[in-house]
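Data first, discussion second: the structure below is written as structure tokens.
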Amino acid sequence: MELLVRSYLPPDREGLVSLWAVCGLVRPWNDPYRDIDRKLARDPENLLVVEHDGEVVGSVMVGYEGHRGWVNYLAVHPDHRGRGLGRRLMERAEELLGRLGCAKVNLQVRSSNEEAIGFYRRIGYSVDDSVSMGRRLEVDGP
Ligand SMILES: CC(C)(COP(=O)(O)OP(=O)(O)OC[C@H]1O[C@@H](n2cnc3c(N)ncnc32)[C@H](O)[C@@H]1OP(=O)(O)O)[C@@H](O)C(=O)NCCC(=O)NCCS
């Protein structure tokens, strides 16, 4: 069956959070429901899902802040990995960002996530010589 890449719709909510959980992307300090709500309040068209047989089996979230484009929540369900879906999602992400005028795409990946790092390298990404820093403005959890 054809895999449909499309913008997020409200009925995708539980399936999307389940996908993120299965893919190891849910952390106690990031409430995934709040992350969805924050995205919907800003630019809902930039949250993409992949639908297969009524299930959410893939996702990617992109954002452009005027200087760089960011990719978050890239996920492919384990049953659908290794068939080019991750690459296809990243191509869609880059296409969306390119249309917004974005010149460079950045993403953050845990240094322990060797699978994702191997994937990103394979599709043309390289490690920047910079330190990632952050500070929370809203606390979602412990
Ligand atoms: C990372 C992830 C999205 C990759 O999805 P996928 O659909 O299996 O990837 P693809 O099949 O599109 O792979 C694209 C290319 O990368 C290669 N690749 C995939 N994983 C790789 C790895 N660990 N090391 C080296 N190459 C890899 C594939 O062989 C393929 O190469 P080819 O197109 O030249 O044949 C998926 O493993 C995943 O969801 N991981 C868990 C969530 C996660 O960690 N997300 C990233 C958060 S920052």
Side-chain angles (χ1 to χ4, degrees), residues 1-113 115-128 130-142:
M1 185 176 285
E2 179 65 18
L3 295 168
L4 175 67
V5 182
R6 57 163 174 78
S7 291
Y8 170 92
L9 294 170
D12 298 324
R13 193 173 173 84
E14 292 303 328
L16 183 55
V17 172
S18 299
L19 172 73
W20 290 347
V22 165
C23 291
L25 299 182
V26 176
R27 305 283 162 191
W29 54 89
N30 265 353
D31 181 335
Y33 296 99
R34 291 187 75 183
D35 276 352
I36 292 172
D37 291 340
R38 291 182 182 110
K39 192 61 180 171
L40 297 183
R42 184 167 170 78
D43 51 348
E45 70 281 7
N46 289 332
L47 175 56
L48 301 181
V49 299
V50 184
E51 187 186 323
H52 172 75
D53 216 3
E55 302 285 324
V56 178
V57 299
S59 72
V60 69
M61 181 191 280
V62 304
Y64 179 51
E65 26 80 328
H67 181 49
R68 292 197 173 125
W70 290 89
V71 173
N72 283 292
Y73 283 118
L74 176 74
V76 172
H77 190 280
D79 292 348
H80 293 269
R81 288 184 194 164
R83 294 183 213 156
L85 192 50
R87 184 190 280 276
R88 195 169 141 203
L89 280 166
M90 286 300 290
E91 284 169 356
R92 285 291 294 271
E94 290 172 9
E95 191 186 307
L96 281 173
L97 290 169
R99 266 195 252 143
L100 294 170
C102 165
K104 182 172 183 226
V105 182
N106 277 78
L107 55 90
Q108 292 187 312
V109 51
R110 280 169 202 291
S111 49
S112 58
N113 192 349
E115 186 185 24
I117 293 169
F119 161 81
Y120 286 126
R121 283 190 192 277
R122 180 73 186 162
I123 64 164
Y125 284 71
S126 53
V127 177
D128 286 341
S130 55
V131 174
S132 175
M133 298 179 73
R135 189 168 85 86
R136 287 208 75 97
L137 300 180
E138 283 184 22
V139 177
D140 285 359

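The analysis underlying the following values was restricted to heavy atoms, covering all of them including side chains, and did not include hydrogens, waters or symmetry mates.
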Smallest separation among heavy atoms of [X] and [Y], with atom names:
X: V127; Y: R121; answer: CG2-NH2, 3.5 Å
X: L89; Y: A75; answer: CD1-O, 3.9 Å
X: L19; Y: V76; answer: CD1-C, 4.3 Å
X: G69; Y: C102; answer: N-SG, 3.3 Å
X: V17; Y: P32; answer: CG1-CG, 3.8 Å
X: S59; Y: L16; answer: CB-CD1, 3.5 Å

Within the 4.5 Å heavy-atom criterion, are L40 and Y8 side-chain neighbours or not?
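Contact flag for L40/Y8 side chains = yes.
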Within-4.5 Å side-chain heavy-atom neighbours: L100 and N46:
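Of all side-chain heavy-atom pairs linking N46 with L100, at least one is under 4.5 Å.
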By side chain to side chain donor-acceptor pair (under 3.5 Å) - contacts of [X] (at least two apart):
X: S132; value: Q108
X: E55; value: none
X: R99; value: E95

Checking Y120 now: which residues fulfil side-chain contact (heavy atoms from CB on, under 4.5 Å) with it, not counting sequence neighbours?
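Scan of Y120 (side-chain contact (heavy atoms from CB on, under 4.5 Å), adjacent residues dropped) gives L74, M90, L107, V109, A116, I123, Y125.
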side-chain contact (heavy atoms from CB on, under 4.5 Å) involving E45 - partner list, sequence neighbours excluded
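So E45 forms a side-chain contact (heavy atoms from CB on, under 4.5 Å) with S7, D43.
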Checking side-chain contact (heavy atoms from CB on, under 4.5 Å) for the pair D35/N72: CA distance, chi angles, key distance, verdict?
CA-CA 11 Å; D35 276 352; N72 283 292; over 6 Å; no
Qualifying salt bridge (charged side-chain N to carboxylate O under 4.0 Å, His left out) pairs with a residue from [range], counting only residues at least two apart or across chains:
range: residues 102-111; result: K104-D128
range: residues 10-22; result: R6-D12, R13-D37
range: residues 130-142; result: R34-E138, R34-D140, R38-E138, R38-D140, R136-D140
range: residues 68-94; result: R81-E115

Checking the side chain of D31 only, and the main-chain atoms of Y33 only, is there a donor and an acceptor separated by less than 3.5 Å?
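Between the backbone of Y33 and the side chain of D31 there is a qualifying donor-acceptor contact (under 3.5 Å).
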Please list all pairs passing the ring pair (Phe, Tyr, Trp, His ring centres under 6.0 Å) test where one or both residues lie in residues 74-95, with sequence neighbours left out.
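For residues 74-95: H52-H80.
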Considering residues at least two apart in sequence or located in another chain, which fulfil the ring-ring contact (aromatic ring centres under 6.0 Å, His included) criterion with W20?
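ring-ring contact (aromatic ring centres under 6.0 Å, His included) list for W20, sorted by chain: Y73.
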